[in-house]
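Worksheet: the structure to be examined is printed underneath.
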Amino acid sequence: MPADPQLLVSAAAPGGENEISLLDVLDHVLNSGVVIQGSIVISIAGVDLVYLGLNVVLTSVETALRTISGSDKRHPERRLPRR
Amino acid sequence: MTRNDPPATPMTGVGGARLLHSDEQSVACWYSETQPAQSSAQADVLAFHGVVNAFFQRGAVVPFRFPTTLPDAAALQTWLAANASEVTRELERLGPMVQMEIHLANPAARASGSGREYLESRRDAERSLADRARLARDAVADLAAEWRQRETRDGLRCYALVPRGREQEFVARIGALAGGATSRVTGPWPPAEFLNAALTRPS
């Protein structure tokens, strides 16, 4: 019998036209990605997270430049010296 | 989108903090300075996702798990200096790819009957899940460069590494399979499930 599955395809944030649920986002953001040993993570009763310091994303410089060129004039500020 | 289009990139990060970056070799590491209890955890998660997604839509991205926090920018630079080569390899390897996911739900177990019948029902459900996962994998065998799957509390989650631009083809093939009514496809996601374990499970 032909299927009629619920198919969701989106890279959009929740609420977008092709919606991915908040649970989907939580699952990805909290359960996958690079882990830095010794980073600070404090959870309280599994409800709220309290954290200090920096939240980080890695991308290629090429991708970053494309991203910035597609944004407005609020260019991110370079805060750390190039090594 | 052209250069004259309105901004599509959230140039603020978690807690509305300004997005900053640090470079090492060919890697740009994006971060924001956070303060405790500035906003709700949910809002922070969505802000983080928004930043990752903005970059992902334009190219390769290797996301950190949220929340990943470090004491200061110097600690981040130290980590980056030690790991930039590995991250660069992953950006190059995974850049042309996206992660598509199939969520296979457990068939409902028979609620009545003996304990033996219940166990048999559960065993049948597990076989059904495995069969459906195998069918799905076969259906996209030439599309998926890599495939992983993991049991979850409510079923089975399958992850496929698929070339950018072929997401709809992936969805169509899975949708054409019988039994799709209890499956769900999401994506494209950054291919975080396929990152080198050295980055996701540091020793």
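All chains are named by letter (A, B, ...) in the order of the sequence lines, taking the proteins before the strands, and each is independently numbered beginning at 1. On a predicted model such as this, the values are computed, not experimentally measured, just so you know.
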* Under 4.5 Å heavy-atom distance to chain A, tell me which part of B:Gln99 shows up: side chain, backbone, both or neither. =>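 Side chain only.
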* Asked: Non-hydrogen atoms of chain A under 4.5 Å away: do they reach the side chain of B:Glu90, the backbone, both or neither?
  ->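 Looking at B:Glu90, nothing touches chain A.
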* Return the minimal non-hydrogen interatomic distance between B:Ala192 and A:Gly33, and the atom names on each side. =>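 Closest approach of B:Ala192 to A:Gly33, heavy atoms only: CB-N, 4.0 Å.
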* **Minimal non-hydrogen separation, B:Arg157 against A:Asp27, with atom names** =>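 Nearest heavy atoms, B:Arg157 then A:Asp27: NH1-OD2, 2.8 Å.
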* With B:Glu169, which residues qualify under salt bridge (charged side-chain N to carboxylate O under 4.0 Å, His left out), at least two apart? ->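 Result, salt bridge (charged side-chain N to carboxylate O under 4.0 Å, His left out) vs B:Glu169: B:Arg166, B:Arg173.
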* Asked: Are any non-hydrogen side-chain atoms of B:Val62 and A:Val34 less than 4.5 angstrom apart?
  ->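 Sidechains of A:Val34 and B:Val62: in contact.
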* Asked: Out of curiosity, B:Arg65 CZ to A:Leu30 CG, how far, rounded to the nearest 0.5 Å?
  ->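 Spacing of CZ (B:Arg65) from CG (A:Leu30) equals 9.0 Å.
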* Qualifying residue for side-chain contact (heavy atoms from CB on, under 4.5 Å) with A:Asp24, from B:His49, B:Arg184, B:Glu101 ->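 Result for side-chain contact (heavy atoms from CB on, under 4.5 Å) with A:Asp24: B:Arg184.
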* To do: Apply the side-chain contact (heavy atoms from CB on, under 4.5 Å) test between A:Val25 and each candidate in B:Leu46, B:Asn53, B:Val52; give the one that qualifies.
  =>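 Of all the options given, the one that passes is B:Leu46.
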* Using the test side-chain contact (heavy atoms from CB on, under 4.5 Å), find all partners of B:Arg150 that sit at least two apart in sequence or belong to another chain. =>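 Once residues adjacent in sequence are excluded, the partners of B:Arg150 under the side-chain contact (heavy atoms from CB on, under 4.5 Å) criterion are B:Tyr159, B:Glu193.
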